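One structure below.
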Amino acid sequence: MTRSHLPPLAAIRVFEAAARHRNFTTAAAELGMTQAAVSYQIKVLEERVGAALFLRRARGVELSEIGAQFAQKSTDALDILSDAFARARGRTEETLVISVIPTFATNFLAQRLGCFQIDNPSIAVRVEVNQSLVDFASDGFDLAIRSGKGNWPGLKSHLLVPVAFTPMLSPVLADKAGGIHQPADLLKLPIIEPSDPWWHQWFAEAGVTDANLATQPGLQFGSQVLEANAAIAGQGIGILTPAFYKDEVRQNRLYQPFDLVCNADQGYWLVYPESRRNLAKIKLFRSWLEAKVAEFNQE
């Protein structure tokens with residue numbers, strides 16, 4: 001097919017928005033059009049394709065098989081076209097919107113992100129810290145940093161830091177207990193998040209087979225950042241990723257009593273939709289972040 005047979009760009013823009021939202025009314029609001037105008041552009045495109053792109057249902061619309069195939073390619077094409085247009089104008093001013101989990105945001109990114117801004121003054125950066133998985137198609141995020149195994153469908157994943165863990169506590173709390181000499185001594189102190197499976201794995205690898213964590217009342221925070229702060233305050237022993245607390249150990253705010261560090265078979269990952277892999281701002285941030293992680297690992 002020659003390019004002269006391509007459908008109008010306006011129709012593709014409307015289809016891509018409607019496909020993302022699965023809703024003509026929402027697509028119309030995003031594009032500043034009426035719902036009737038959206039329906040008309042979809043009809044134009046379906047006539048050019050020669051097949052239905054949406055299946056009309058009682059409660060709305062859903063993509064047909066052909067529509068689903070065309071939707072992903074349409075998003076890819078519009079992303080590439082948008083990036084190319086910005087470069088052609090000699091203007092790359094834009095915003096990079098990042099979703100980051102609390103641990104990585106607090107213990108790594110916050111101390112370094114200003115360097116990216118200095119190196120790339122034409123790119124504004126907005127960071128949102130949250131635990132939930134974002135929907136890139138509707139939430140407006142360009143990329144995210146998540147923990148897991150890196151196998152999220154439709155996303156490009158780059159491993160940043162493997163997740164490892166070991167018990168850590170305040171030196172003051174350790175002194176009050178008369179010192180921590182063997183792994184079983186930890187059970188004499190309050191355990192932060194005793195239901196965390198990391199505890200069971202660590203005690204098993206340490207050879208403590210009678211660690212009855214079920215009887216531990218424990219504190220529950222749901223975030224390693226909060227667990228670390230509680231441990232620093234002497235509230236108990238946290239099961240933490242030691243790579244993120246090097247400064248706290250050097251400053252004698254946290255104490256790692258044992259060399260045993262377990263692997264969690266997961267990591268912290270930089271992720272973004274496959275369709276956006278060629279966007280300049282994402283390529284710049286990935287390159288910068290991987291360089292900073294390499295420096296961090298050498299510290």
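Bear in mind that the values here come from a model prediction, so they are computed numbers and not experimental data.
For Arg253, there are no salt bridge (Lys or Arg N to Asp or Glu O under 4.0 Å) partners, not counting sequence neighbours. Residues passing the side chain to side chain donor-acceptor pair (under 3.5 Å) test with Gln201 are Glu205, sequence neighbours excluded.
Within the model, atoms CG of Leu270 and NE2 of His158 stand 6.0 Å from one another, a figure rounded to the nearest 0.5 Å. Taking CG of Asn120 as the start and OG of Ser122 as the end, the distance is 6.5 Å to the nearest 0.5 Å. Within the model, atoms CH2 of Trp269 and NZ of Lys149 stand 10.0 Å from one another, a figure rounded to the nearest 0.5 Å. For the atom pair Asn263 CG and Phe165 CZ, the distance stands at 8.0 Å (nearest 0.5 Å). Taking NZ of Lys43 as the reference point, atom CD of Glu47 lies at 5.5 Å (rounded to 0.5 Å). Here the CG-CD distance, from Leu55 to Glu65, works out to 10.0 Å after rounding to the nearest 0.5 Å.
Under the 3.5 Å distance criterion, the side-chain polar atoms of Gln117 are matched with a main-chain donor or acceptor of Ile123. With hydrogens and angles disregarded, a donor-acceptor distance shorter than 3.5 Å links the side chain of Glu193 to the backbone of Phe221. The backbone N or O of Pro8 lies less than 3.5 Å from no partner atom in the side chain of Arg13, so there is not a single donor-acceptor pair. A distance-only check finds a donor-acceptor pair linking the side chain of Ser170 to the backbone of Val172 [under 3.5 Å]. Using modelled atom types, no side-chain atom of Ser287 and backbone atom of Lys283 make a donor-acceptor pair closer than 3.5 Å. Under the 3.5 Å distance criterion, the side-chain polar atoms of Ser64 are matched with a main-chain donor or acceptor of Ala52. Of the possible polar contacts, one joining the Thr166 side chain to the Leu260 backbone as a donor-acceptor pair under 3.5 Å is found. Gln224 contributes no side-chain N or O that, together with a main-chain N or O of Leu240, makes up a donor-acceptor pair within less than 3.5 Å. Judged purely by atom type and a 3.5 angstrom limit, Thr241 uses its side chain to pair as donor or acceptor with the backbone of Ala164. No donor-acceptor pair closer than 3.5 Å links the side chain of Asp119 to the backbone N or O of Phe116.
Annotation: side chain of Tyr245 is not in contact with side chain of Ile232 (no heavy-atom distance under 4.5 Å). No side-chain heavy atom of Leu187 sits less than 4.5 Å from a side-chain heavy atom of Asn212. Residues Val44 and Pro7 have side chains not in contact (no heavy-atom distance under 4.5 Å, counting atoms from C-beta outward). In this structure the side chain of Ile239 never reaches within 4.5 angstrom of the side chain of Ile192, judged on heavy atoms. By the 4.5 Å heavy-atom criterion applied to side chains, Phe285 and Val125 are not counted as neighbours. Between Gln256 and Val261 the shortest side-chain heavy-atom distance falls below 4.5 Å. Looking at heavy atoms from C-beta onward, Met168 lies out of side-chain contact with Ile237 at the 4.5 angstrom threshold. Looking only at side-chain heavy atoms (C-beta outward), Arg112 and Trp288 come within less than 4.5 Å of each other.
Taking the six-membered ring for Trp and the full ring otherwise, Tyr268 and Phe244 have centroids separated by under 6.0 Å.
Each of Phe54 and Tyr40 belongs to its own hydrophobic cluster when Ile, Leu, Val, Met, Phe, Trp and Tyr are linked at side-chain heavy-atom distances under 4.5 angstrom. Val163 and Val225 are not part of a single hydrophobic cluster, where members link through side-chain heavy atoms under 4.5 Å apart.
Put simply, the residue from Arg277, Arg126, Lys281 that forms a salt bridge (charged side-chain N to carboxylate O under 4.0 Å, His left out) with Asp142 is Lys281. Of the residues Thr103, Val100, Leu289, Ile145, the one that meets the side chain to side chain contact (heavy atoms under 4.5 Å, CB included) test with Phe108 is Leu289.
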Worked verdict on Ile98 versus Tyr272 for side chain to side chain contact (heavy atoms under 4.5 Å, CB included): CA-CA 10 Å; Ile98 310 171; Tyr272 49 85; over 6 Å; no

Derivation of the side chain to side chain contact (heavy atoms under 4.5 Å, CB included) call for Leu189 and Lys176: CA-CA 10 Å; Leu189 295 171; Lys176 286 181 179 179; over 6 Å; no

Working for side chain to side chain contact (heavy atoms under 4.5 Å, CB included), residues Phe24 and Ser39: CA-CA 7 Å; Phe24 286 8; Ser39 297; 3.5 Å; yes

Verdict with supporting geometry, Leu9 and Leu78, side chain to side chain contact (heavy atoms under 4.5 Å, CB included): CA-CA 9 Å; Leu9 180 59; Leu78 289 175; 3.9 Å; yes

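Remark: the Asn151 side chain and the Ser157 side chain contain no N/O donor-acceptor pair separated by less than 3.5 Å.
In terms of heavy-atom proximity, Ile180 sits nearest to Tyr255 at O-OH, 4.2 Å. Contact record, Ser99 with Arg146: OG-NH2, 2.6 Å, taken as the closest heavy-atom pair. Between Pro190 and Gln235, the closest heavy-atom pair is CB-O, 3.7 Å. Minimum interatomic distance between Leu160 and Asn297 (heavy atoms only, all atoms of both residues): O-ND2, 4.4 Å. A pairwise comparison of heavy atoms in Ala184 and Val208 identifies N-CG2, 4.0 Å as the closest pair. Here the closest heavy-atom approach between residue Phe15 and residue Gly67 is recorded as CZ-O, 3.4 Å.
By the 4.0 Å N-to-carboxylate-O rule, Glu30 lies close enough to Arg20 to be salt-bridged with it.
Using a 30° and 60° split on the angle between ring planes, Trp199 and Trp202 fall in the perpendicular class, above 60°.
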